[in-house]
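In what follows, a structure is listed as structure tokens, so that the remarks can point back to it.
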Amino acid sequence: MTPNDRPSDTPQAAGEDAARPDRGPGNFIDERVADDLRAGRHGGRLVTRFPPEPNGFLHIGHAKSICLNFGLAERHGGVCNLRFDDTNPEAEEARYVDAIRRDVRWLGFDWGEREHFASDYFEQLYAWAVALVRAGRAYVDSQRPEAIREGRGDFHRPGVESPYRDRPVEESLALLEQMRRGALDPGEAVLRAKIDMRSTDLKLRDPLMYRIRKAAHHRTGTAWSIYPMYDFAHGLSDAIEGVTHSLCTLEFQNHRPLYEWFIDAVGPAHRPEQIEFARLNLSYTVLSKRKLQRLVDGGYVEGWDDPRLPTLAGLRRRGYTPEAIRAFCDRIGVSKRDGVVDVTLLEHAIREDLNDRSPRAMAVLRPLRLVIDNYPDGEVEHFEVPNHPTEPAFGVREVPFSRVLYVERDDFMEDAPKNWWRLAPGREVRLRGACLVRCTEVVKDAAGEVVELRCTWDPASRGGMPADGRKVRGTLHWVSAAHAIPAEVRLYDRLFDVPNPSATEDDRDEPRAEAAARDDAFLTHLNQASLEVLEGCRLEPSLGDAPVGHRVQFERLGYFCRDEASSSGGQAVWNRTIALKDSWGKQAER
RNA sequence: UCCGGGGUCGUCUAAGGGCAGGACAACGGACUUUGGAUCCGUGAAUGGUGGUUCGAAUCCACCCCCCGGAACCA
């Protein structure tokens, strides 16, 4: 049955549909799975799988697939396998297997005992290949790669059959055995399925099933000299695992006829079906493994877990939570229209999550000395400040206050407009959780730069509210100079400065090598200001013993996460996950 | 040009012959000891043409536009 034959408008289905809205994300795949389950297809079972190739790190696009596959299983009482699609020894490494496991687990999914490798099936796949040769449905082609390519034809010309296409079965069998043993060199022979060289579908023009590769495989070592191609291995691996719904991205739509051909030809006990959905694209970043690899290898970022990267490892280090990423995946939906999701949607998801769960603290990133002239030198008092503005359960903390403080340099303006609520000569502001201060004098150095603010405080405003009820609009964050902890803070911005860094003019007929060079064009759109390192930042003392990975909101600035690294001076390093929404900044732009 | 997909607010996504809805973004307002958060509100879409129908985003026809496909990658 093809997707279009589905009886989706039967009275029974319509009745169930009415009840659908109160169940998970209603995407077309979810509906189809529900439909299949209802109709008892696949024996009423649901088995999905997440099939990464261990040749790089997982990114937010993979998260979409992980959430889809594992989510479907969770919602419909099925299971989801983790399968490493490791059929190309030249690209794959064990370290990527480890990283993938860690990232899937971190996202919050559990595959239990169901961890598989395509390489587990090499022996079975080979036996099936032999059977296809015996059945006259596959043959060893001894043509060179160029000849095979030439013989395949193109969109306008039909292919021509290989001169080896009808060679005796026994001959192919013997050759295949030699290929497996390593008696032949790469390029000397391949195993091809015998389908139709004149098909209008290029994929059906006798596709390759096996090629010779003498690289060591991360799991099977040098046991094999031949490795199965994706089209031959993938669907049959699904069949072996009893996968019912094999979900993949749109670019594999063209492979579906082949997927089905191999299943039909081999006739495994179970028949999985492939369903395609649109892969995730995100504005201001790249989501192709090739491009990410390029950024890493080229030193444009500091590694796969660079906080500017959309990799799960990078997002984790940046301070993203798995919950926010899952919420994001729920919201973007699943469909067959390829598009670009606005990165602001991801940013919204993390702000929303962190707003609820992050304790607040004060940190001054660009310190400006503020001296309270009418506060006794050497005296210290502590203000009790809530750790969260709306959730009392976060508790309170004691923040030390004294005569010399630091405030944010950006919170002072010498010639301030009337709608400026912060510090300026003669103006009064509130120090968050502490008191009201008025700026009485601006101290400058020889170069004319502001180096210190002299202020007076209102002792009757302890806690932050004036005794006379006068209105004070601005509220600033601050730290006590003598108690503050020095730290390094890294501010991240979008990695690229254009919405779609991958967009390039398309030239279908250009040579492959030139296409590859052009593919590097995205590097010209790198945002030179994607990382700003701030040294000499001052944190309130409660942040001194924050463990690595600890997330906190620096009030009025954004959400920050303690990094595993420490600065050259041995101080802690904090990463900015995402800035707070800044309506003043937005207003100031205009 | 051949084969396979896809076109709904700026973006993502619902509506499966019966009021085109939601989220993000934008804009405006209220509130505020974070110019935060929250709340309220505004603007904003069915690629085109014809047809079927009481009624079409939805069905039919033709056209247009976009994406993928000619790797011994997945």
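Chain letters run A, B, ... following the sequence lines, proteins first and then strands; every chain starts at 1. The structure displayed is predicted, hence computed values, not measured ones.
Taking atom CG of residue L345(A) and atom P of nucleotide U11(B), one finds them 14 Å apart after rounding to whole Å. One atom, CH2 of W421(A), and another, P of U32(B), lie 11 Å apart when rounded to the nearest Å. One atom, CG of N27(A), and another, C1' of A14(B), lie 12 Å apart when rounded to the nearest Å. With rounding to whole Å, H234(A) atom NE2 is found 11 Å from A74(B) atom P. Rounded to whole angstrom, the span from the CG atom of L258(A) across to the C1' atom of C72(B) amounts to 15 Å. Between Y210(A) atom OH and C73(B) atom P there is a gap of 14 Å when expressed in whole angstrom units. Distance CD (Q553(A)) to P (G36(B)): 11 Å, rounded to an integer number of Å. Taking atom CZ of residue F252(A) and atom C1' of nucleotide C73(B), one finds them 9 Å apart after rounding to whole Å.
Within the 4.0 Å cut-off from OP1 or OP2 of G69(B), not a single side-chain nitrogen or oxygen of R256(A) is found. Residue R556(A) has a polar side-chain atom (N or O) positioned under 4.0 Å from OP1 or OP2 of G35(B). Phosphate proximity of C3(B) to R205(A): absent, as no side-chain N or O sits under 4.0 Å from OP1 or OP2. Residue K586(A) places at least one side-chain N or O under 4.0 Å from the OP1 or OP2 atom of A26(B). Contact annotation: R192(A) side-chain N/O to C72(B) OP1/OP2 distance is not under 4.0 Å. A sub-4.0 Å separation between OP1 or OP2 of U11(B) and a side-chain N or O of T344(A) is absent.
Between R32(A) and D35(A), none of the side-chain N atoms (NZ, or NE/NH1/NH2) sits under 4.0 Å from a carboxylate O, so this pair counts as no salt bridge.
Backbone-only engagement by R331(A) is indicated by non-hydrogen atom pairs under 4.0 Å involving sugar-phosphate atoms exclusively. Counting any heavy atom pair closer than 4.0 Å across all strands shown, Q587(A) reaches a base atom. Among the atoms of the strands shown, none is found under 4.0 Å from any heavy atom of W478(A). If you check every strand for non-hydrogen atoms under 4.0 Å, K289(A) touches nothing. No engagement by E146(A) is indicated, since no non-hydrogen atom pair under 4.0 Å with the nucleic acid exists. Note on N419(A): a base of the nucleic acid sits closer than 4.0 angstrom, heavy atoms only. Across all strands shown, E347(A) has no heavy atoms under 4.0 Å from either base or sugar-phosphate atoms. Using a 4.0 Å heavy-atom distance criterion, S199(A) is classed as making no nucleic acid contact. At the heavy-atom level, G433(A) lies under 4.0 Å from base atoms of the strands shown. Contacts of R430(A) with the nucleic acid, taken as non-hydrogen atoms under 4.0 Å apart, include base atoms.
Aromatic ring centres of Y139(A) and Y164(A): separated by at least 6.0 Å.
The side chain to side chain contact (heavy atoms under 4.5 Å, CB included) test applied to A416(A) returns M413(A), W420(A), A424(A), R427(A), not counting sequence neighbours. The salt bridge (Lys or Arg N to Asp or Glu O under 4.0 Å) test applied to R422(A) returns D411(A), not counting sequence neighbours. Evaluation of the side chain to side chain contact (heavy atoms under 4.5 Å, CB included) rule for S246(A) yields R49(A), H234(A), D238(A), V243(A), Y259(A) as partners, not counting sequence neighbours. Taking R294(A) as the reference, R290(A), Y300(A), D520(A), F522(A), L523(A) meet the side chain to side chain contact (heavy atoms under 4.5 Å, CB included) condition, with sequence neighbours excluded. Every salt bridge (Lys or Arg N to Asp or Glu O under 4.0 Å) that D206(A) has, sequence neighbours left out, goes to R165(A). Every salt bridge (Lys or Arg N to Asp or Glu O under 4.0 Å) that D154(A) has, sequence neighbours left out, goes to R157(A). E398(A) pairs by the salt bridge (Lys or Arg N to Asp or Glu O under 4.0 Å) definition with nothing, not counting sequence neighbours. Partners of Y121(A) according to the side chain to side chain contact (heavy atoms under 4.5 Å, CB included) rule, which considers only residues two or more places apart in sequence or in another chain, are R83(A), H116(A), L125(A), S237(A), I240(A), E241(A).
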Polar atom pairs (N or O), protein with nucleotides 37-46 of chain B, under 3.5 Å:
{"from": "A37(B)", "atom 1": "O2'", "to": "N355(A)", "atom 2": "ND2", "distance (Å)": "3.3"}

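For residues 576-585 of chain A, the set of pairs meeting the salt bridge (Lys or Arg N to Asp or Glu O under 4.0 Å) definition, not counting sequence neighbours, is empty.
On the C1' atoms, G22(B) is 12 Å away from C9(B), given to the nearest whole Å. With both ends at atom P, the span from C64(B) to U49(B) equals 15 Å, rounded to whole Å. The P atoms of G21(B) and A44(B) are separated by 12 Å, rounded to the nearest whole Å.
Using modelled atom types, one finds a donor on one side chain and an acceptor on the other under 3.5 Å when comparing D342(A) with T344(A). A side-chain N or O of Q274(A) and one of E276(A) form a donor-acceptor pair less than 3.5 Å apart.
In this structure, the nucleotide among A70(B), G35(B), C72(B) sitting nearest to the side chain of D154(A) is A70(B). Residue R152(A) has its side chain nearest to A70(B) when only A74(B), C2(B), A70(B) are considered. The side chain of D342(A) lies closest to U11(B), out of U11(B), C72(B), A74(B). The listed nucleotides are C72(B), G35(B), G69(B); the one nearest the side chain of W584(A) is G35(B). Each of G36(B), G4(B), C72(B) was ranked by its minimum atom distance to the side chain of P145(A); first place goes to C72(B). Checking C24(B), A74(B), U34(B) against every side-chain atom of P389(A), the shortest atom distance belongs to U34(B). For H348(A), taking side-chain heavy atoms from C-beta onward, the closest of the listed nucleotides A25(B), G35(B), G4(B) is A25(B). Nearest nucleotide to the E555(A) side chain, out of G5(B), A74(B), U34(B): U34(B).
For residues 464-477 of chain A, proximity to RNA chain B is found at G464(A), M465(A), R473(A), T475(A), defined as any non-hydrogen atom under 4.0 angstrom from a strand atom.
Annotation for I332(A) and K64(A): closest pair CD1-CD, 4.0 Å, computed over non-hydrogen atoms.
Dense packing is recorded around CZ of R409(A), with more than 12 heavy atoms of other residues, nucleotides or ligands lying under 6.0 Å away.
Between E53(A) and G333(A), the residue anchored closer to the 5' end of RNA chain B is G333(A), taking for each the nucleotide with the nearest heavy atom. Of the residues near RNA chain B, L431(A) and E188(A), the one whose nearest nucleotide (by heavy atom distance) lies more toward the 5' end is L431(A).
The base of G4(B) does not come close enough to the side chain of D201(A) for any donor and acceptor atom to sit less than 3.5 Å apart.
Helical stems in RNA chain B, defined as runs of 3 or more consecutive Watson-Crick or G-U wobble pairs with both donor-acceptor distances under 3.5 Å, are listed by first residue as B:2-7 with B:64-69, B:10-13 with B:21-24, B:26-30 with B:38-42, B:47-51 with B:59-63.
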